[in-house]
Amino acid sequence: SCVHPDRPEPLDLHLGMFLPTLLNQATPEQMERFFTPAWNLRIIGTYAQTEMGHGTHLRGLETTATFDPSTQEFVLHSPTISSIKWWPGGLGKTSNHAIVLAQLHTQGRCHGLHAFIVPIRDMDTHVPLPGVVVGDIGPKFGFSEVDNGFLKLEHVRIPLDNMLMKFAKVEPDGTYVKPPSAKLTYGMVFIRSMIVGQSALALAKSCTIAIRYSAVRHQSELRPGEPEPQILNYQTQQHKLFPVLAAAYAFTFVGQYMKDTYRRISGDIHAGDYSQLPELHALSAGLKAFTTWAANAAIEVCRMSCGGHGYSRSSALPDIYVEFTPTCTYEGENTVMMLQTASRYLVKSYRQASVGQRLQGSVSYLSEAAAQRLRPRPVSGGAAPLSTQDLLSLVHLYQRRAASLVELAAKSIQQELQRGRSQEEAWNHSSIDLVRASDAHCHFVVVKLFVDKLEQVDDAAVKAVLSTLALLYALKGLADNSGDFLQAGLLTVPQATRVSARIKELLEELRPDAVALVDAFDLNDRKLNSVLGRYDGNVYEHLYEWARQSPLNATEVHESFHKYLKPLRSRL
Ligand SMILES: CCCCCCCCCCCCCCCC(=O)SCCNC(=O)CCNC(=O)[C@H](O)C(C)(C)COP(=O)(O)OP(=O)(O)OC[C@H]1O[C@@H](n2cnc3c(N)ncnc32)[C@H](O)[C@@H]1OP(=O)(O)O
Ligand SMILES: Cc1cc2nc3c(=O)[nH]c(=O)nc-3n(C[C@H](O)[C@H](O)[C@H](O)COP(=O)(O)OP(=O)(O)OC[C@H]3O[C@@H](n4cnc5c(N)ncnc54)[C@H](O)[C@@H]3O)c2cc1C
C-alpha cells in the first residue's frame, strides 16, 4: 500500500482480523505471549474460519480441535477435503500463525466453534511446520496482491493455552467452561462495521472520478452549431451520477455512526454488559449488506458513465470495482446477513411490539406501528399528503415502509405455518420478504441518519447543499422502490409523478456544486490514482503519457511480430 494506498495487501488480515480477534478474545497472558510479537510483525497471522465446504454455515465447519489431557494439548485436524481451510487472506505465503476456528471436542463432547492460535510456519525459515499443508488458492477475480490461501491440518498439536480463553475455557482436566454468552465467540462484527465506511470511501472515489471527468469531457451537440457541451450537462449523466454523490455522503455519515456505535457497544461488552450485542449484530450485518450492494452497483454506474476511458485501468474504476466487489461476499455473504437482521432482530422485535413491548434503538418505530394498528384506520385509507421538500416527512415515509414490510414478512411466516409448514420451512418460504424487510429497515436507517446529521451542520450554505443531497437520496430511493410504497398505500401514482419531476429539479440545482462536492471529499491524486479523476483536470495529456508507459510500448516492433506474425505469413 506504499505504492497504491487502499489496495488490498497480504497484511490486511493480520491488521484487520488477527490483531482485533486477539484484543477481543485473548486472556492477558495470551496478549503478552501473542499480541506483542504480532504487533512487531514477528508473528504474522490470519483469520482462518472458512473452509472449502463451508463459509456461511459456521455450525457446519468441520475442522476439529480435540483436547488430549494426557499431554495438555489440542489436536487440530482437517478430517475431510471439504474441511480444508480455504480463502483466508495472507494464509498462502505470508502468515506464520493462524487463528483457526474449529469444533472443540473435550471429554467426548463437542462444544461448537472456538478459536485457536496455530503456528503454521517456522518463525525463522518460514517453512511449513510438520502436519501443516499450506499454499495459495490460485488466481482470483481481483485481490491479486493477496495470497488467499488453503490450510490442511494433519493432527497438529498445540498447547492447551493456545485456545483463546477470554470467554470460554478448557480446564487442565478437560472440563469445558461456557462463555458468559455464546454470541461472544462469533466475532466479525468489527470488520462488518468497518466495511460500511469502506462502502462510503469506494463511492466517494468513484463519483469523484466520474464527476470530475464529466466536467472535462465534451461530447456531441446539445444546441446545433454550439461547441460540444460538458457531458455533465446531460440530464441522463446527472441522473446517473448525482444520486451516487448523494449516497457517498449518506454512507459517510452512516459509516461514522456505525464506527461510533461499535466503539460504544463493544465498550459495554468489555464491561460485561451484553444487552446491546443483538442490536450491534443486526445493525452491522444489515448495513454491511445494504451499503456494499448499493456501492457495488454504483461503482459500475460511474465506470460506464466515463465511456471507453472508464474501462481503461488508467481511470482506476476497474480496480476500485474489482477490489470492492468481494465485500458483498466476505465477512458475511450479503443475503445471509440480510436474513440475520430480519430473522434474528426485526421479526423478533415485531412480535415483541405486537404484544405491547416498548422497543428501543433502531427498531423503536415498530412499537409505533403496532400502536397504530390498534387505532381505527382513517376512513380515507389513502396515502398521506407527500411533501417532496420536507425531509422529516420523508424519513417518516421510509419508517412506515419498513414497518409495513416487516409486518408483511412476519405475516408470511404466520400464513406458511397455518398451511402446516414447519418453522424452518415457513421461514424459508418467507425469505424473499425477510430480505426486503431488512433492506427497507436499513434504507430507513440511512435516510434517518442523513437527516439527523443535517441538524449538526451550522454553516447555512453547507446545510442547504447537504439538504439538497439528502432530498435527492430520499426521493431517488422512493422512485427506485416505488412498488414498496405503492403496495403499502404510502404513495399514489400522482405523487410518484411529482417525485420524478422533483428529482429532475434537484439534479439541476446540484449541477453548479457537483464538482465542489466531490472536491470536498479531499481525495488527493495519489489516493485516487486516476488519470480521469485528476484534480487539475488535465486528462488527455496524462492519458497519452499513461499509455506510452504501457509495457507493450517498450519496443516499437513487438517480439510477437517476429515470433508469430512473420512465420504465419510465410505459411499462408
Ligand atoms: C485498523 C487497520 C485496518 C487495516 C486494513 C483492514 C482491512 C481488512 C480487510 C478484510 C478483508 C477480507 C476479510 C474477510 C474475512 C472473512 O470473510 S472471515 C469469514 C466471514 N464469515 C462469516 O461472516 C460467516 C457468516 N455466517 C455467520 O455469521 C453464521 O453462520 C450465521 C449466519 C450468523 C448463522 O450462525 P448460527 O450459528 O446458525 O446462528 P443463528 O442460529 O442464526 O443465531 C444464533 C444467535 O447468535 C446471534 N449471532 C449470530 N451471529 C452473531 C454475531 N456475529 N455477533 C453476535 N451475535 C450473533 C444471533 O443473533 C442469534 O441470537 P438469538 O436470536 O439466539 O438471540
Ligand atoms: C476476497 C475474499 C477474501 C476472503 N477472506 C477470508 C478470510 O480472510 N477468512 C475467512 O475465514 N474467510 C474469508 N473469505 C471467505 C468468505 O468469508 C466466504 O466466502 C463467505 O463467508 C461466503 O461463504 P461461502 O463462500 O461458503 O458462500 P455460500 O455460503 O456457499 O454462499 C453461496 C450462496 O448460497 C447462499 N446461501 C448460503 N446460506 C444461505 C442461507 N442460510 N439462506 C439463504 N441463502 C444462503 C448465499 O446467499 C449465496 O448466494 C474470503 C472470501 C473472499 C471472496
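In what follows, every heavy atom counts, from backbone to side chain, and hydrogens, waters and symmetry copies are set aside. Counting starts at 1 for both ligands and their atoms, following the listed order.
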Undergrad: Can you name the atoms of ligand 1, numbered from 1 with element, that are less than 4.0 Å from a heavy atom of G55?
TA: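 Under 4.0 Å from G55, ligand 1 has these atoms: 24 (C).
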Undergrad: Compute whether any side-chain donor of one residue and acceptor of the other, for H429 and R419, lie under 3.5 angstrom apart.
TA: no
Undergrad: Indicate yes or no for a side-chain donor-acceptor contact from S367 to the backbone of L359 under 3.5 Å, with no hydrogens or angles considered.
TA: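 Indeed, once roles are kept as given, a pair shorter than 3.5 Å links the two residues.
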Undergrad: Do you see a protein non-hydrogen atom under 4.0 Å from atom 7 (C) of ligand 2?
TA: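 Under the 4.0 Å cut-off, atom 7 (C) of ligand 2 does have protein heavy-atom neighbours.
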Undergrad: Where does K348 meet ligand 1, judged by heavy-atom distances below 4.0 Å: at the side chain, the backbone, both, or neither?
TA: side chain
Undergrad: Which atoms of ligand 1 have any heavy atom of V336 under 4.0 Å away?
TA: 32 (C)
Undergrad: For F74 and H114, I'd like to know if the aromatic rings sit close, meaning centre-to-centre distance below 6.0 Å.
TA: no
Undergrad: Taking only heavy atoms of M188, which atoms of ligand 1 are found under 4.0 Å from at least one of them?
TA: 20 (C), 21 (N), 22 (C), 23 (O)
Undergrad: Which is closest to atom 40 (C) of ligand 2 in terms of heavy atoms, T327, L61, V336?
TA: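 Residue with the shortest heavy-atom distance to the ligand atom: V336.
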Undergrad: If you measure from atom 31 (C) of ligand 1 to every heavy atom of E279, H14, M17, Q340, which option wins on shortest distance?
TA: Q340
Undergrad: What are the atoms of ligand 1, with element, lying closer than 4.0 Å to any heavy atom of V189?
TA: 53 (N), 54 (N)
Undergrad: Check each of E333, E331, Q49 against atom 17 (O) of ligand 1 and report the one with the nearest heavy atom.
TA: E331
Undergrad: Considering T329, N428, L434, which one's heavy-atom position lies nearest to atom 20 (C) of ligand 2?
TA: T329
Undergrad: Please work out which of Y274, Y330, Y47, F190 has its closest non-hydrogen atom nearest to atom 11 (C) of ligand 1.
TA: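 Of the listed residues, Y330 has the closest heavy atom.
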Undergrad: For atom 47 (O) of ligand 2, what is the closest protein heavy atom, and at what distance to 0.1 Å?
TA: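 Atom 47 (O) of ligand 2 sits closest to the protein heavy atom E333 OE1, 2.6 Å.
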Undergrad: List the closest protein heavy-atom neighbour of atom 15 (C) of ligand 2: residue, atom name, distance to the nearest 0.1 Å.
TA: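 Scanning the protein heavy atoms, the shortest distance from atom 15 (C) of ligand 2 goes to T50 OG1, 3.3 Å.
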Undergrad: Out of L13, T56, I99, who gets a non-hydrogen atom closest to atom 28 (P) of ligand 2?
TA: T56
Undergrad: Considering only heavy atoms of N148, which atoms of ligand 2 have at least one such atom less than 4.0 Å away?
TA: 3 (C)
Undergrad: Can you list the atoms of ligand 1 that are under 4.0 Å from a heavy atom of R192?
TA: 22 (C), 23 (O), 25 (C), 28 (O), 53 (N)
Undergrad: How far is atom 43 (C) of ligand 2 from the closest protein heavy atom, and which atom is that?
TA: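 Of every protein heavy atom, L339 CD1, 3.7 Å lies nearest to atom 43 (C) of ligand 2.
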Undergrad: Yes or no, since that's all I need: does a protein heavy atom fall within a distance strictly under 4.0 Å of atom 33 (C) of ligand 2?
TA: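 So atom 33 (C) of ligand 2 lacks protein heavy-atom neighbours under 4.0 Å.
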Undergrad: Considering the heavy atoms of T335, write down every atom of ligand 2 situated less than 4.0 Å from one of them.
TA: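 Every atom of ligand 2 under 4.0 Å from some heavy atom of T335: 47 (O).
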